[in-house]
Protein chains: 2
Amino acid sequence: MPKRSANGSRAGAIGKPASRRVPMRDFSRSLPMALLRAREAVMRQFRPSLRRHDLTEQQWRILRALAAVDAIEVTELARTAFLLGPSLSRILRDLEARRLIERRSAEGDLRRGVVSISEKGVKLMSAVAPSSEAIYAAISRRYGTRKLAELQDMLGALEASLAGLDLGDEDAKLTSGRKFA
Amino acid sequence: MPKRSANGSRAGAIGKPASRRVPMRDFSRSLPMALLRAREAVMRQFRPSLRRHDLTEQQWRILRALAAVDAIEVTELARTAFLLGPSLSRILRDLEARRLIERRSAEGDLRRGVVSISEKGVKLMSAVAPSSEAIYAAISRRYGTRKLAELQDMLGALEASLAGLDLGDEDAKLTSGRKFA
DNA sequence: GCGAGATGCTTAACATGTTAAATGGTTCGG
DNA sequence: CCGAACCATTTAACATGTTAAGCATCTCGC
């Protein structure tokens with residue numbers, strides 16, 4: 001596909017680094033990037049193990065959440081496994097098809113779905129958990145158990161400090177002012 | 001702690017919490033979850049602002065990376081913006097269609113693509129950067145600037161400590177190389 | 001009871017993450 | 001030169017993230 005813009009000219013319009021024109025924090029100091037990179041470094045360790053059991057990261061999160069309780073409503077599960085409704089809905093459909101979970105509806109409220117892990121799901125967890133724990137132990141050893149706990153605390157504190165902050169409309173003040181009541 | 005045992009729970013009846021049968025770290029102490037939640041808490045602040053400018057998080061990452069340089073090869077950009085090739089390929093196609101970036105191919109090697117931000121892209125960045133910086137400042141204020149720097153350091157250290165570790169085959173040792181059926 | 005609104009979940013639509021395969025270009029041994 | 005191996009990027013296929021709609025059910029005021 002020779003779709004490229006065949007711009008044979010000497011990069012004419014391409015000027016100097018825009019960083020001089022658009023003042024902006026150095027990319028490497030972006031907190032979201034740091035969190036993303038750290039998480040990816042961690043997940044890279046787990047993914048092959050999950051993959052060998054045909055589990056995605058999210059499916060594993062759901063099974064773990066289900067394994068800790070007897071049964072749980074879908075909305076509550078979404079909160080626990082930190083998944084949005086639509087994602088959870090799709091994943092539950094697949095996990096049910098694989099018979100790793102069981103569903104019914106809540107008594108007295110047919111809107112609510114109640115989910116629980118199946119025996120087959122428990123067996124799968126038993127197969128995965130040992131290696132998962134081993135990997136976690138290796139990470140903890142490598143990074144330092146104490147430091148790891150400290151990191152967890154700081155992450156929790158960050159989350160807590162931003163809870164209910166909602167800065168999302170900051171630039172509304174900068175640009176146009178309030179649009180909504 | 002009770003040991004895991006397939007104690008033949010009744011079929012159909014939903015048994016007791018599987019946590020008794022599958023020993024596993026408490027879900028709330030999962031490092032990947034903590035990182036995910038923290039990152040989401042941060043990104044939740046930025047997303048509305050980006051959305052007002054019709055930018056996704058990844059598109060913004062790319063523009064930021066491009067703004068810091070004159071031009072950059074696709075592979076290098078993927079590393080900088082921490083995106084996989086296929087994702088980057090799609091996003092560049094869209095950004096080019098919106099004329100926010102410009103592409104050409106490297107002299108002497110037609111395989112390599114070279115990307116740079118366009119004037120229009122720079123203008124867009126100029127429109128977004130102020131609110132982005134304001135949000136970042138608010139987060140820093142709220143969490144503590146010093147603490148934030150410390151967190152960044154610890155995240156970097158975590159990433160570094162896991163670099164080249166690759167525990168992915170840990171459970172191959174545990175399961176004796178059971179083949180997938 | 002009953003109809004409007006609220007609630008719980010699912011579906012739709014589009015963008016990205018992820019792995020595998022394909023495409024086009026380059027390099028190098030013979 | 002020639003073709004095989006290699007390299008950079010893209011395309012393909014499937015799963016999830018994200019927002020908006022859609023459906024069924026429930027609640028409540030009248």
Enquirer: Let me spell it out: for each of A:L92 and B:D94, pick the nucleotide of DNA chain C with the closest heavy atom. Which residue's pick is nearer the 5' end?
Expert: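 Nearest-nucleotide comparison on DNA chain C picks A:L92.
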Enquirer: Looking only at heavy atoms, which two atoms of A:A157 and B:Y143 are closest? And how far apart?
Expert: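 Heavy atoms only, the tightest pair is C-CE1, 3.8 Å.
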Enquirer: Is any side-chain N or O of A:R90 under 3.5 Å from a base N or O of D:dG17, one able to act as donor and the other as acceptor?
Expert: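 Flag set: donor-acceptor pair detected.
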Enquirer: Kindly write out the residues that satisfy salt bridge (charged side-chain N to carboxylate O under 4.0 Å, His left out) with B:R79, not counting sequence neighbours, or none if the list is empty.
Expert: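 B:R79 satisfies salt bridge (charged side-chain N to carboxylate O under 4.0 Å, His left out) with B:E76 once adjacent residues are dropped.
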Enquirer: So, is B:R61 near the phosphate of C:dA15, with a side-chain N or O under 4.0 Å from OP1 or OP2?
Expert: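 No, no such contact exists.
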Enquirer: CD1 of B:I62 versus C1' of C:dA15: gap in Å, rounded?
Expert: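 It is 12 Å, rounded to the nearest whole Å.
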Enquirer: When you check the phosphate oxygens OP1 and OP2 of D:dG17, does a side-chain N or O of A:Q58 lie under 4.0 Å from one of them?
Expert: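 For D:dG17, OP1 or OP2 has a side-chain N or O of A:Q58 closer than 4.0 Å.
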Enquirer: Measure the shortest side-chain to side-chain distance between A:V74 and A:R112 over non-hydrogen atoms and say whether it is less than 4.5 angstrom.
Expert: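 A:V74 vs A:R112: side chains apart.
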Enquirer: Would you find a donor on one side and an acceptor on the other, under 3.5 Å apart, between the side chain of B:Q152 and the backbone of B:L148?
Expert: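 Here the side-chain-to-backbone pair does not exist.
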Enquirer: Give B:L83 one of three labels, base, sugar-phosphate or nothing, depending on what nucleic acid heavy atoms sit under 4.0 Å from its own.
Expert: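 Sugar-phosphate contact only.
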Enquirer: Indicate the atoms forming the closest heavy-atom contact of A:S49 with A:V128, along with that distance.
Expert: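 So the minimum-distance heavy-atom pair works out to OG-CG1, 4.5 Å.
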Enquirer: Measure CZ/A:R47 against P/D:dC14 and give the value in whole Å, please.
Expert: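 Distance check: A:R47 CZ to D:dC14 P gives 20 Å.
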Enquirer: For B:I72 and D:dA8, give me the distance from atom CD1 to atom C1', rounded to whole Å.
Expert: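 So the CD1-C1' distance, B:I72 to D:dA8, works out to 15 Å.
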Enquirer: Can you figure out which of D:dT18, D:dT16, C:dT19 approaches the side chain of B:L84 most closely?
Expert: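 Closest nucleotide among those given: C:dT19.
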Enquirer: Are the charged groups of A:E40 and A:R47 less than 4.0 angstrom apart, N to O?
Expert: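 The answer is yes: the pair qualifies as a salt bridge.
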Enquirer: Encode nucleotides 20-29 of chain D as B, S and - characters from 5' to 3', where the letter depends on protein heavy atoms closer than 4.0 Å: B to the base, S only to sugar-phosphate, - to neither.
Expert: B----BS---
Enquirer: Could you tell me whether the side chain of B:L151 reaches within less than 4.5 Å of the side chain of A:L155, counting heavy atoms only?
Expert: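 Yes; the side chains approach each other to less than 4.5 Å.
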Enquirer: Reckon A:I91 touches a base, only the sugar-phosphate, or nothing at all at heavy-atom distances under 4.0 Å?
Expert: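 Sugar-phosphate, backbone atoms only, no base.
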Enquirer: Atom CZ of B:F82 to atom P of C:dT16: distance rounded to whole Å?
Expert: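 The answer, rounded to whole Å, is 17 Å.
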Enquirer: What is the distance, rounded to the nearest whole Å, between atom CD of B:Q59 and atom C1' of D:dT18?
Expert: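 Atom CD in B:Q59 sits about 13 Å away from atom C1' in D:dT18.
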Enquirer: Is B:S87 touching bases, backbone alone, or none of the nucleic acid, heavy atoms closer than 4.0 Å?
Expert: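 Touches a base.
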Enquirer: B:L36 or B:V74: which one's nearest nucleotide on DNA chain D is closer to the 5' end?
Expert: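 Checking each residue's closest nucleotide, the 5'-ward one belongs to B:V74.
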Enquirer: So what does A:E76 touch, heavy atoms closer than 4.0 Å: a base, only the sugar-phosphate, or nothing?
Expert: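 No contact.
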Enquirer: From CZ of A:F46 over to C1' of C:dT18, roughly how many Å is that when rounded to an integer?
Expert: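 Going from A:F46 (CZ) to C:dT18 (C1'), I get 19 Å.
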Enquirer: Name the closest nucleotide to the A:T56 side chain, picking from D:dA15, C:dT10, C:dT16.
Expert: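 Among the listed nucleotides, the one closest to the side chain of A:T56 is D:dA15.
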Enquirer: Separation of A:L88 atom CG from C:dT10 atom C1', in whole Å?
Expert: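 After rounding, the gap between these two atoms is 11 Å.
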Enquirer: List the residues meeting salt bridge (charged side-chain N to carboxylate O under 4.0 Å, His left out) with B:R37, not counting sequence neighbours, and say none if there are none.
Expert: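 Salt bridge (charged side-chain N to carboxylate O under 4.0 Å, His left out) list for B:R37, sorted by chain: A:E159.
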Enquirer: Quickly work out the A:E73 CD to C:dT7 P distance and round it to whole Å.
Expert: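 About 15 Å, once rounded to whole Å.
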